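Sequence lines set the chain letters: A, B, ... in the order given, protein chains first and strands last, and positions in each chain run from 1. Just so we're clear, the structure is a prediction, and the values are computed from it rather than from any experiment.
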Protein chains: 2
Amino acid sequence: MTLRPPPQMSSPKIVRDLFSTGRKISFAAGATLFRDGDPVTDVYCVESGRVVVTRYAENGERQILAFLFPGDFLGMSFAPTYNSAAEALTPVTVWAIPHAKLTSELATRPELGVAYAEMSARILNNVLDLVFTLGRKNSHARVASFLLHLRDRQELLALETERINVPMTRQDIADFLGLTMETVSRAFSHLKASGAVKFGSAADVDVIDLAKLRAEAHVGS
Amino acid sequence: MTLRPPPQMSSPKIVRDLFSTGRKISFAAGATLFRDGDPVTDVYCVESGRVVVTRYAENGERQILAFLFPGDFLGMSFAPTYNSAAEALTPVTVWAIPHAKLTSELATRPELGVAYAEMSARILNNVLDLVFTLGRKNSHARVASFLLHLRDRQELLALETERINVPMTRQDIADFLGLTMETVSRAFSHLKASGAVKFGSAADVDVIDLAKLRAEAHVGS
DNA sequence: CGCCAGATTGACCTACTTCAAGTGCAGTGG
DNA sequence: CCACTGCACTTGAAGTAGGTCAATCTGGCG
């Protein structure tokens with residue numbers, strides 16, 4: 001039995017404490033938390049499950065902007081409407097507080113502002129990683145980077161790191177990485193053939209050779 | 001003579017007021033403000049000129065994460081080191097304050113926290129637009145979107161909107177849009193041939209048909 | 001005028017997409 | 001218990017957008 005560090009949440013404790021004064025809401029897998037263009041009512045913090053944040057084009061094409069894990073903050077818009085949609089990937093529970101409550105708390109508790117600024121910087125940094133991946137990496141490197149990203153998130157949550165759980169479909173991964181389903185599938189087959197990983201099922205990836213997986217993730221475009 | 005609205009800054013007035021208590025620094029075109037991995041000392045606000053924020057891969061490939069305009073905030077990291085580099089694209093003047101000063105002000109002035117949170121949300125939203133562009137648009141649409149982005153920024157600064165100033169090289173644009181220099185050049189030629197724009201010089205693009213340019217920007221991948 | 005860095009254009013090549021068959025597996029019903 | 005069904009995934013074959021390599025072109029500047 002290995003010793004694990006305690007789970008690290010991506011949002012600071014003071015922010016999660018604020019959410020714990022709010023409502024707890026459950027969503028079934030596939031349910032919509034909010035849509036692009038909906039008036040902003042609440043902000044959320046994921047308690048359990050996986051949430052996906054997306055943006056749709058006029059023609060219906062979708063780009064997944066993030067996969068969210070427990071502890072992740074959600075609904076960071078100070079515009080009148082949300083600028084992206086959020087859907088439950090698995091059964092999900094979230095904490096919700098009114099957006100107005102977030103604003104009023106920020107306006108009266110400066111220590112919350114510092115924590116919120118730190119959290120914003122972390123979120124921005126994660127998205128910039130995605131920009132780098134989309135702009136500069138080929139399909140194999142994108143998929144390898146994606147697996148490592150999931151692994152990092154599991155590690156932060158003090159879950160196992162040998163087996164990576166992939167709860168999203170190949171199409172979801174494709175919509176996140178700017179590829180097609182088929183290309184994602186081929187990249188997985190390549191990683192398997194290279195000996196970096198093997199598959200329990202399509203949704204469970206065992207890391208065989210972490211160094212090799214990391215090398216695959218750093219190849220240029 | 002057309003009536004222009006007053007310039008809109010991307011950072012709130014309260015944030016710019018904070019910077020105006022700091023030092024003003026000038027950089028020559030091409031100078032480095034900070035490098036990826038440097039210890040975080042200051043945060044910045046662009047006063048004049050254009051700044052480029054980049055991230056480099058081990059192999060030297062570069063991804064431009066943002067082109068910054070007057071009023072733009074820069075150095076949003078609460079980690080010990082910067083996670084991206086910043087360079088002056090043109091001659092630049094910036095306001096700088098110590099990062100510790102930003103933190104201490106945030107910790108004592110809650111109204112600053114609200115403004116900072118709003119600014120963070122706006123920055124995040126802009127980067128998510130870039131993610132969408134990189135993930136879902138073809139080369140023509142990427143370049144058209146880029147021109148419209150520059151135009152929007154000029155409009156916010158109450159500059160002219162008929163002529164778009166493009167102070168960066170084709171290579172810079174390519175490094176921003178995840179393309180090659182040649183593909184960017186071909187996309188420009190395509191936009192010119194389509195009648196959407198014409199060229200004063202390589203650095204000055206006149207918008208001939210805004211609706212057509214917008215249509216080009218919305219084509220799928 | 002001649003130089004030179006950046007930009008354009010052309011020809012060819014490849015990584016990814018597209019379209020089309022399979023394959024495997026979980027859920028259902030006989 | 002095993003066939004049936006549907007859906008996600010995999011694999012193959014062919015097409016294409018964009019990359020690569022290489023030859024001009026352009027315009028700003030000494």
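- The 5' end of DNA chain C is approached more closely, in terms of each residue's nearest nucleotide, by B:Met168 than by the other of B:Met168 and A:Gly178.
- Look at NZ on A:Lys192: it is 12 Å from C1' on D:dT11, rounded to the nearest Å.
- Rounded to whole Å, the distance from CG on B:Asn138 to P on D:dG19 is 11 Å.
- The phosphate of C:dC16 has OP1 or OP2 within less than 4.0 Å of a side-chain N or O from A:Ser139.
- Rounded to a whole Å, the CE atom of A:Met181 is 17 Å from the P atom of C:dT23.
- Taking a 6.0 Å sphere around CZ of B:Arg23, one finds it holds more than 12 heavy atoms contributed by other residues, nucleotides or ligands.
- You'll find that the side chain of B:Glu182 is closest to D:dT20, out of C:dA7, C:dA20, D:dT20.
- The nearest whole Å value for the distance from the NZ atom in B:Lys137 to the P atom in D:dG18 is 13 Å.
- Residue B:Thr183 places none of its side-chain N or O atoms closer than 4.0 Å to OP1 or OP2 of D:dG18.
- Side-chain atoms of B:Thr183 and B:Ser139 include no donor-acceptor pair closer than 3.5 Å.
- Taken to the nearest 0.5 Å, the CG atom of A:Asp42 stands 6.0 Å off from the CD1 atom of A:Ile25.
- A side-chain donor from one of A:Lys137 and A:Ser145 sits under 3.5 Å from a side-chain acceptor of the other.
- Residue B:Arg186 has no polar side-chain atom (N or O) positioned under 4.0 Å from OP1 or OP2 of C:dT8.
- Straight-line distance from the CZ atom of B:Arg136 to the C1' atom of D:dA17: 15 Å, rounded to whole Å.
- Rounded to whole Å, the distance from CG on B:Asp172 to C1' on C:dA7 is 13 Å.
- Ionic pairing of A:Arg62 and A:Asp172 is present here: one or more N-O contacts between side-chain nitrogen and carboxylate oxygen are shorter than 4.0 angstrom.
- Put simply, A:Ser189 has a side-chain N or O that comes within less than 4.0 Å of OP1 or OP2 on D:dT11.
- Atoms NE2 (B:His190) and P (D:dG18) sit 11 Å apart, rounded to a whole Å.
- Side-chain nitrogen and oxygen atoms of B:Thr180 include none within less than 4.0 Å of the OP1 or OP2 phosphate oxygen of D:dG18.
- Distance CD (B:Gln171) to P (D:dT20): 11 Å, rounded to an integer number of Å.
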